[in-house]
**Q** 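Before I ask anything, let me first share the structure, which is written out below as structure tokens.
Just so it is clear, the model here is predicted, and its values are computed rather than measured. Letters A, B, ... mirror the listed sequences (proteins, then strands); counts begin at 1.
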Protein chains: 2
Amino acid sequence: MKLHQLRYLHEVVKQGLNITNAAEALYTSQPGVSKQIQLIEEELGLQIFKRNGKRLTGLTEPGQQILNLAARVIRDIENIKRVGDEFSDAEKGMFTIATTHTQARYKLPAAVKAFMNQYPQVKLNIHQGNPMQVAEQVVSGEADIGIATESISSYDELLCLPCYHWNRCVVVPNDHPLVHGGPLTLEKLAAYPLITYDFAFTGGTLVSKTFSDAGLNPNVVLTAIDADVIKTYVSLGLGVGLLANMAYDAERDINLTRIDVSHLFADSTTYLGIRKDAFIRGYMYGFIELIAPHFNRQAVNAALKTSD
Amino acid sequence: MKLHQLRYLHEVVKQGLNITNAAEALYTSQPGVSKQIQLIEEELGLQIFKRNGKRLTGLTEPGQQILNLAARVIRDIENIKRVGDEFSDAEKGMFTIATTHTQARYKLPAAVKAFMNQYPQVKLNIHQGNPMQVAEQVVSGEADIGIATESISSYDELLCLPCYHWNRCVVVPNDHPLVHGGPLTLEKLAAYPLITYDFAFTGGTLVSKTFSDAGLNPNVVLTAIDADVIKTYVSLGLGVGLLANMAYDAERDINLTRIDVSHLFADSTTYLGIRKDAFIRGYMYGFIELIAPHFNRQAVNAALKTSD
DNA sequence: CAACGTTACGCTCTTCGTAAAGATG
DNA sequence: CATCTTTACGAAGAGCGTAACGTTG
């Protein structure tokens, strides 16, 4: 069995069972990929892929298990290379953060700036996505760490460290009736068309639960993953915006009025997620400490230790 | 990076940093091993081994970490092969149990016999050792499961399933004063020379703790890992035997008298240990259920699930 | 017939084993 | 000087790419 074969398998699945695309992604020829897959199936004495004639149509049951193991092997090989990089030049490397728009735009910039000063030789990548995508990028190893709220803690490949608490605010145009409408309640809020994050009402998230516990069914007219998009549509008078407190910028958003709603919703916690079995480079510890000062290197390692 | 290289590294370390022996164990030439080690060190850009001139004298810090990862990769490759075996012929394979003498000799035979009837095509191996060796064989993958008492539960790579409870007895020659000396106490026991398991007094085991809690310092004159050895020396009048209840065979040991001491020591639990990340073949589930009927396949999987 | 997977074949690069030389204690 | 590691070199083998062929929808 060769490492190459496992990589090929992995890529074929990643490319939706398309050998041609996988070969392209791997910068190699497609007959080569085809051949190696046949070879490993022959060596293991079973079919990994379900086939309809020559087309791949799915994974067999053992194939699925083999793929999970192959993925771990590939990650470990990656980890070995990182150990090499870390010790040959600790200050140099790549670092990919997966996060949501709100974090990337309003919470991370300070940490990112400090990080880039501290580690000028590290190439930093920020991947943006909804919380589920963030979690999956970290699980798959596409991103080194993920920063998002709540939902990432359900993956048990990930170690989740609480970073900070936050709550929400409502933003409305300055001439909106809510501006002078007295203390805000859930009932009042539910009476207006709402514009908020597109994942706020998927699954049992805190916002949707708060409304439904109060027997309310808010009228969400528009959703986006992007706080700036939400604010734009609020400015146009299309509805009332409900977003993270940190996403309101008093200087920039002068055409909008912010109304705190901490009393209506429980605090949320933003978590930092990292694969339990990943090799953590020195600068990654550095970044973690920048955004969550209570997690220094020792604290992270301790959390990793107890999570097994 | 090649799988072969990781295997070479692993074997060199296993052979005590001796390339020559490693090459022999791998059925290949020693220059080949030497070369591949150089190549991987070059690829990673660091030294894995500390060297004194040409001799290997130890692992560097990154080398140690690389070796841990390499070991996991090797185990995962092994797991992949097992998935193949399981699905191509579920009834056929190898199965290695690491256990202590007492378990192997007095507790497992019934399960082993039933297992061999049920899976005649499985090659069964029993490795014997003290509890620590048992645990380490399972951790390293040399054995598939380990069966021993207490001490194996401290390795966090292992999932430990409680199998059964047991207690101890004292055995003495038939004409020994303790036979008609009324109810046995710790004090009386401590007054005689003791012969028992050689790990019973290492670390904080239950037996040593029981004595020390009572302020007693028993006189252990001889220890062995083998219950039969203990009984032999007891027969010779060299001391009083303290061993597992199950190790006394009423029919065979007619020259010895058994005195129950369940009232002096708390029950011990025998655990079955298995690597959390191992692929478990169908017949392994079968064996587990034979020695611990409360752990059927689902129960084992459930325990694995919650242990992450 | 367009997209995709497999077979065939020649080329290149890698790996392996033998033989010999260089270090170490 | 016995043991161990590295260097050198020729032979065997594995993987890759191009081209051609067979299938699927």
**Q** Could you tell me whether Glu86(A) and Arg281(A) make a salt bridge, using a distance below 4.0 angstrom between a side-chain N and a carboxylate O?
**A** yes

**Q** Report all interatomic pairs (protein N or O, nucleotide N or O of nucleotides 13-16 of chain D) with separations under 3.5 Å.
**A**
from    : atom 1 : to      : atom 2 : distance (Å)
dG15(D) : OP1    : Lys2(A) : NZ     : 3.4
dC16(D) : OP1    : Tyr8(A) : OH     : 3.0

**Q** From CD1 of Ile37(B) over to C1' of dT15(C), roughly how many Å is that when rounded to an integer?
**A** 15 Å

**Q** Send over the distance from Arg7(B) CZ to dT15(C) P, rounded to a whole Å.
**A** 14 Å

**Q** Starting from P on dT6(C), measure out to CD on Glu41(A) and report it in whole angstrom.
**A** 9 Å

**Q** In whole Å, what is the span from the CD atom of Glu24(B) to the C1' atom of dC4(D)?
**A** 13 Å

**Q** Any donor-acceptor pair under 3.5 Å linking the side-chain atoms of Asn130(B) with those of Tyr197(B)?
**A** no

**Q** Whole angstroms only, please: what is the CG-P distance between Asn18(A) and dT6(C)?
**A** 11 Å

**Q** Report the distance from atom CD of Gln38(A) to atom C1' of dA8(C), rounded to the nearest whole Å.
**A** 13 Å

**Q** Between Tyr155(A) and Glu136(A), is any side-chain donor less than 3.5 angstrom from a side-chain acceptor?
**A** yes

**Q** Kindly determine whether Phe95(B) and Asn125(B) satisfy side-chain contact (heavy atoms from CB on, under 4.5 Å), including the steps that lead there.
**A** CA-CA 6 Å; Phe95(B) 186 28; Asn125(B) 273 304; over 6 Å; no

**Q** Mind calculating the distance between CE (Met1(B)) and C1' (dT15(C)) to the nearest angstrom?
**A** 18 Å

**Q** Do Glu91(B) and Gln121(B) meet the criterion of a side-chain donor-acceptor pair at a distance under 3.5 Å?
**A** no

**Q** Calculate the interatomic distance between Ile19(A) atom CD1 and dT23(D) atom P; express it in whole Å.
**A** 16 Å

**Q** Quick one: label Leu26(A) by what it contacts on the DNA or RNA (base, sugar-phosphate, nothing), any heavy atom closer than 4.0 Å.
**A** nothing

**Q** Would Glu11(A) and Gln15(A) count as having a side-chain donor-acceptor pair, cut-off 3.5 Å?
**A** yes

**Q** Is a side-chain donor-acceptor pair under 3.5 Å present for Gln38(A) with Glu42(A)?
**A** no

**Q** Do the charged groups of Asp76(A) and Arg75(B) touch, with an N to O distance under 4.0 Å?
**A** no

**Q** Is Ser34(A) near enough to dT7(C) that one of its side-chain N or O atoms lies under 4.0 angstrom from OP1 or OP2?
**A** no

**Q** Are side-chain N/O atoms of His101(A) and Gln128(A) paired as donor and acceptor at under 3.5 Å?
**A** no

**Q** Which letters describe nucleotides 19-25 of chain C, given B = protein heavy atom under 4.0 Å from base, S = only from sugar-phosphate, - = neither?
**A** B--BBBS

